[in-house]
Amino acid sequence: MKIDLHAHSTASDGTESPAELVAAAKVAGLSTIAITDHDTTAGWDEAVEAAIHEGIDLVRGIEISCSRDYRSIHLLGYLPDPDDPRLAIELARARDSRVSRMDRMVQRMADDGIPITVEEVRAQVAPGATLGRPHLADALVVSGVVPDRDEAFRDLLHDGSKYYVGHYAPDPVAAISLVRGAGGVPVLAHPFAMRTATISDDMVEELAAVGLAGLEAHHRDHEPADVERAVRLAERHDLVITGSSDYHGTGKLNRLGEFTTEPRQWSRIVEQSHGVKVVQP
């Protein structure tokens, strides 16, 4: 079994539709793929149809953008009930905040003479998708400002850029409560990646005490020492250890199945869930 528990579609900042994502997972030899778009479940229905057609197990999930002390923290939620009212309201609030945030980022760039408009950014967004910085990056590529997404983030869109504007994001403790309340299973995504402020051991302990289920240890953005640290902390706090690609299509170098989750670890996630079931054709 090859199980990849972190991938994005055009419902957020991936470059492939949910159906194309599932088909690509099948071609990559995966037995199980999770669709985990940012702050939305909009791609689930299309992905379900594709999974049934392709004969591959589908894990319906989300990636919730969280924040504490100006630190960006991403929480993967597996198999939550999308109709849970508290979760639905919080996700909608986060998506709405991203819209006004994008207007402000584009205005800051325009004030500096960078040729970009909100309309050009929105042209990069699939209907109903969660708006994010990757869409601004794509608009900058189309406008000829930068050659690709990587340079856009490196030069203009990183967290320390003068063009950066934050958006609403819940504290991770609140997000864990929301995922658990919706019957889902919360796992910290790439907790020690260099592109975000490192999460402390104390924070992992705090989050484990309020319901965190696991750590995404095996990830492209983790150095070997990060993986060892994640595994050590997971074992100390009896957390699930996952591995995932964080695939975005052509939007990132990450490839489907480059990191995977062991079946016994995946079983621990399924055992804890009571939201939606895994789609098994």
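Only this structure's heavy atoms are used, side chains among them; waters, hydrogens and symmetry mates stay out.
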Looking at K2 and E262, is there a salt bridge between them, counting it only when a charged N and a carboxylate O are closer than 4.0 Å?
no

Check the side chains of D4 and T260 for a donor-acceptor pair under 3.5 angstrom, ignoring hydrogens and angles.
no

Pairs involving residues 141-152, ordered by first then second residue, that meet side-chain hydrogen bond (donor to acceptor under 3.5 Å, both in side chains) (sequence neighbours left out):
D138-R149

Does either side chain, that of E16 or that of Y247, offer a donor lying less than 3.5 Å from an acceptor on the other one?
yes

In terms of side-chain heavy atoms, does D246 have a donor or acceptor partner in H219 at a distance below 3.5 Å?
yes

Would you say that more than 12 heavy atoms from the other residues, nucleotides or ligands in this model lie under 6.0 Å from the NE2 of H158, or not?
yes

Transitively linked via ILVMFWY side-chain contacts under 4.5 Å: I241 with M1?
no

Any idea how H190 and H6 line up, ring-wise: parallel (<30°), tilted (30 to 60°), or perpendicular (>60°)?
parallel

Salt-bridge test for R93 and D39: reply yes if a basic N is under 4.0 Å from a carboxylate O, no otherwise.
no

Evaluate salt bridge (charged side-chain N to carboxylate O under 4.0 Å, His left out) for D221 paired with K252, printing each intermediate quantity in order.
CA-CA 12 Å; D221 292 345; K252 288 186 177 181; 5.4 Å; no

Both conditions, 6.0 Å and 45 degrees, for the charged tip of R220 above the ring of F259: are they met here?
no

Just by distance, no angles: are the side chains of E216 and S244 close enough, under 3.5 Å, to form a donor-acceptor pair?
yes

What I'd like to find out is whether the side chain of L76 reaches to under 4.5 Å of the side chain of L188, using heavy atoms alone.
no

Within the distance-only criterion (no hydrogens, no angle test), does the side chain of T36 pair as donor or acceptor with the backbone N or O of E63 below 3.5 angstrom?
no

Answer yes when R71 and D171 have at least one side-chain N-carboxylate O distance shorter than 4.0 Å, and no when they do not.
no

Steps toward salt bridge (charged side-chain N to carboxylate O under 4.0 Å, His left out) verdict (D103, R98):
CA-CA 9 Å; D103 292 343; R98 287 173 177 270; over 6 Å; no

Are L5 and I3 side-chain neighbours, meaning at least one heavy-atom pair lies under 4.5 Å?
yes

Side-chain heavy atoms nearer than 4.5 Å, only ILVMFWY residues, links allowed to pass through others: does that put L58 and V187 together?
yes

Side-chain H-bond candidate by donor/acceptor type, Y163 with Q107, under 3.5 Å:
no

